[in-house]
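Note: hydrogens, waters and symmetry copies are ignored here, and every other heavy atom, side chains too, is used.
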Amino acid sequence: MRPLVPQRWIAIGDSTVYGYGDPEGGGWVERLRRQWMRPDRPWYAVGVLPPHLETASDCDRYGQCLTESGADLVVERVEELTSDHLKALLAY
């Protein structure tokens with residue numbers, strides 16, 4: 001029999017996932033976090049910048065909003081998310 005391993009959750013998404021249009025519920029990630037978060041279930045959130053951002057300052061500003069909304073990591077595109085990113089999240 002395999003030993004039990006604590007579950008770890010990683011949510012990946014854009015501003016819609018992080019609460020855009022859902023000021024009361026806080027977005028999909030926040031709703032899941034409230035429902036499933038327990039001390040034995042760490043939760044990590046990865047924010048993805050939307051493709052319409054054109055300047056570095058727009059990306060910085062939007063990334064800051066995602067971080068303030070709970071993102072542990074922000075990437076410009078989903079394709080940039082690597083196993084090293086996930087390992088770093090799961091290491092802490």
Taken in chain and number order and not counting sequence neighbours, the residues that satisfy salt bridge (Lys or Arg N to Asp or Glu O under 4.0 Å) with E68 are none

Check side chain to side chain contact (heavy atoms under 4.5 Å, CB included) between E76 and all other residues, then give those that pass, not counting sequence neighbours. L49, E80

Identify, with sequence neighbours excluded, every residue that meets side-chain hydrogen bond (donor to acceptor under 3.5 Å, both in side chains) alongside T82. H85

Between L81 and V46, is the side-chain contact (heavy atoms from CB on, under 4.5 Å) condition met? List the steps. CA-CA 9 Å; L81 189 60; V46 178; 4.0 Å; yes

Drop me the distance from L73's CG to L86's CG, to the nearest 0.5 angstrom. 8.5 Å

Mind checking side-chain hydrogen bond (donor to acceptor under 3.5 Å, both in side chains) for E54 and listing every partner two or more places apart, or none if nothing turns up? none

For D60, check side chain to side chain contact (heavy atoms under 4.5 Å, CB included) against everything at least two apart and list the hits. none

For A71 versus G47, what's the shortest heavy-atom pair and its separation? CB-N, 4.0 Å

